[in-house]
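Here is the structure we will look at.
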Amino acid sequence: MVNGGFDPWQAMLERLRDAFDLVGADEYVRSVLSVPRRSLEVSVPVRMDDGHVEVFKGWRVHHDTSRGPAKGGLRFHPLLNVDELAALAAAMTLKCAIVDLPFGGGKGGVRCDPTKLSDGELERLTRRFAYEISWLLGPDSDVPAPDVNTDERVMGWLMDTLSMIKGGNIPGSVTGKPLALGGMPLHAGATSGGVVTCLRAVLAELGIGLTGSRAVIQGFGKVGAPLAYLLASAGMRVVAVADVAGAVYNPGGLDPSQLAAHVAEHGTVAGFKGGQSIGTEEFWSVESEVAVPAALEGAIDTEAAKVIQAKVVIEAANGPTTLSGDAVLESRGVVVVPDILANAGGVTASYLEWVQARQGYAWEQRVAAERLRSKMDLAFREVWAKADRLKISLRRAAYVLGVERVTEALLARGLFP
Ligand code: NAD
């Protein structure tokens with residue numbers, strides 16, 4: 001069990017089983033998709049600044065690769081474990097299928113607390129970890145991207161390490177790279193941009209106006225911070241934001257730019273003068289139309305689900321709602337846009353970056369932005385239509401669509417040997 005009793009792998013298996021039943025999957029498909037295809041555990045020895053060597057543990061997990069190379073982020077976190085990564089890798093398999101990308105699902109990372117590492121230690125850890133998992137990585141086999149506590153700088157080190165090993169530049173081996181190495185300007189805001197595309201679509205379906213609606217956002221990192229800005233720019237009021245160290249509230253709307261400046265200076269939203277401090281336990285009960293988990297797994301448990309005031313929960317984070325939390329939200333009539341749809345903008349932008357790296361030709365940004373928006377919009381429409389036709393929740397419909405597409409690829413390839 002991890003994260004206060006929430007076991008993401010068991011939750012994934014339960015949701016997969018439900019989808020298998022809904023699509024009438026055969027035993028072969030059920031058994032293959034109920035285990036990760038491979039899971040590599042590595043030791044990562046790092047020379048620390050004081051001269052001693054510390055050995056960290058890291059993993060790279062592939063769930064299913066029938067549709068293409070494994071795609072998924074790398075995270076650095078002190079509580080990281082392989083079951084969590086397996087669940088996240090399986091979510092990537094389904095997510096890539098839902099947005100119809102030619103990728104399978106992967107995830108990886110190192111169990112460490114990056115806030116306690118110097119820049120030099122972080123770089124040595126990244127490079128040694130990249131080396132240890134390098135025989136899985138490559139543009140045709142496994143393409144990592146940033147995730148919790150990793151960023152474009154880490155991706156730059158990763159790409160450079162892989163290029164050094166090969167003795168030639170391999171820009172298609174990593175996405176979310178610095179612009180100077182072939183990254184895309186829109187990558188940084190792509191996940192939050194995709195969340196906004198889904199939010200616009202779901203609010204339109206429910207007849208709720210976006211302008212003037214209120215949102216609460218948990219998490220103010222690479223996803224939550226740009227999302228707050230995009231929502232405010234679209235005319236919404238972001239009335240509460242929480243992060244790991246505290247929460248702030250302003251019924252008139254928090255100013256996302258000022259909040260970002262405060263976080264840049266203090267490392268947390270706590271103490272922001274443009275709002276009042278509230279306890280993190282009060283956060284989910286703040287009145288709003290939209291609630292956005294954009295932090296870690298298991299955030300919306302039964303207790304949070306009981307007090308959420310919003311009509312729509314849009315899952316920017318991966319795996320933020322527990323099974324029991326989901327049941328409570330459904331019984332209360334709250335519409336949940338699931339993670340494997342809502343936050344697929346990030347991996348879609350990664351796909352566009354990977355294609356350009358392989359072509360060796362950078363598109364105009366407006367071309368990339370339009371392709372990103374239209375892919376997210378189509379995925380939302382397909383999931384919405386399936387939910388409507390089968391009379392099931394958007395989450396169950398998204399799992400069904402994902403499982404159907406992965407099954408098609410599995411069966412088309414056949415079983416080796
Ligand atoms: P990040 O590390 O940049 O930010 C995480 C944020 O969550 C920080 O503000 C942190 O303070 C907050 N947080 C952590 N623990 C918390 C807690 N217990 N309570 C409240 N807040 C807490 O990470 P990120 O890249 O923004 O990722 C956030 C989520 O979105 C993750 O689930 C990640 O897998 C998912 N996601 C990220 C991307 C991406 O492009 N970065 C894409 C798809 C999905």
Side-chain angles (χ1 to χ4, degrees), residues 2-4 6 8 71-80 84-85 87-89 91-92 94-96 98-99 105-109 113-115 144-155 175-176 183-184 186-195 198 216-228 240-248 256 259-260 262-264 266-270 272 278-284 291-301 304 314-321 338-351 353 372 376:
V2 291
N3 295 351
F6 175 56
K71 190 84 194 77
L74 290 180
R75 60 172 64 179
F76 293 164
H77 195 275
L79 299 178
L80 195 66
E84 175 186 4
L85 290 171
L88 291 163
M92 288 306 297
L94 299 171
K95 192 183 299 181
C96 293
I98 289 166
V99 267
K107 206 83 176 189
D113 184 350
T115 62
D147 193 69
V148 174
N149 293 329
T150 58
D151 55 14
E152 60 169 39
R153 189 173 60 147
V154 169
M155 294 304 116
T175 59
M184 279 198 308
L186 69 77
H187 198 280
T191 302
S192 31
V195 171
C198 289
V216 299
I217 304 177
Q218 185 204 39
F220 200 72
K222 292 187 295 298
V223 178
L227 182 63
V241 171
D243 69 11
V244 69
V248 284
L259 187 56
H262 174 88
V263 171
H266 302 280
T268 167
V269 300
F272 177 55
I278 54 169
T280 42
E281 65 292 345
E282 288 171 72
F283 170 76
W284 290 118
V292 193
L296 292 180
E297 296 95 275
I300 304 183
D301 55 10
I314 186 151
E315 294 183 337
N318 283 309
T321 309
D339 48 5
I340 52 175
L341 169 63
N343 70 33
V347 73
T348 305
S350 280
Y351 164 66
E353 183 179 330
L372 172 63
M376 286 302 296

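As the structure lists them, so they are numbered: ligands from 1, and atoms in each ligand from 1.
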Q. What does the list of residues with a heavy atom under 4.0 Å from ligand 1 look like, ordered by chain and number?
A. R75, D147, V148, N149, T191, Q218, G219, F220, G221, K222, V223, D243, V244, A294, A295, L296, A316, A317, N318, N343
(Q) Looking at K222 and E152, is any side-chain nitrogen of the basic one under 4.0 Å from a carboxylate oxygen of the acidic one? (A) no
Q: Answer yes when E297 and K107 have at least one side-chain N-carboxylate O distance shorter than 4.0 Å, and no when they do not.
A: no
Q. Hey, does the side chain of H266 reach the backbone of T268 with a donor-acceptor pair shorter than 3.5 angstrom?
A. no
Q | Test side chain to side chain contact (heavy atoms under 4.5 Å, CB included) applied to F76 and N149, D147, T115, the passing residue | A | N149
**Q.** Set of ring pair (Phe, Tyr, Trp, His ring centres under 6.0 Å) partners for F272, sequence neighbours left out
**A.** H262
Q | E353 (side chain) donor-acceptor with G176 (main chain) under 3.5 angstrom | A | yes
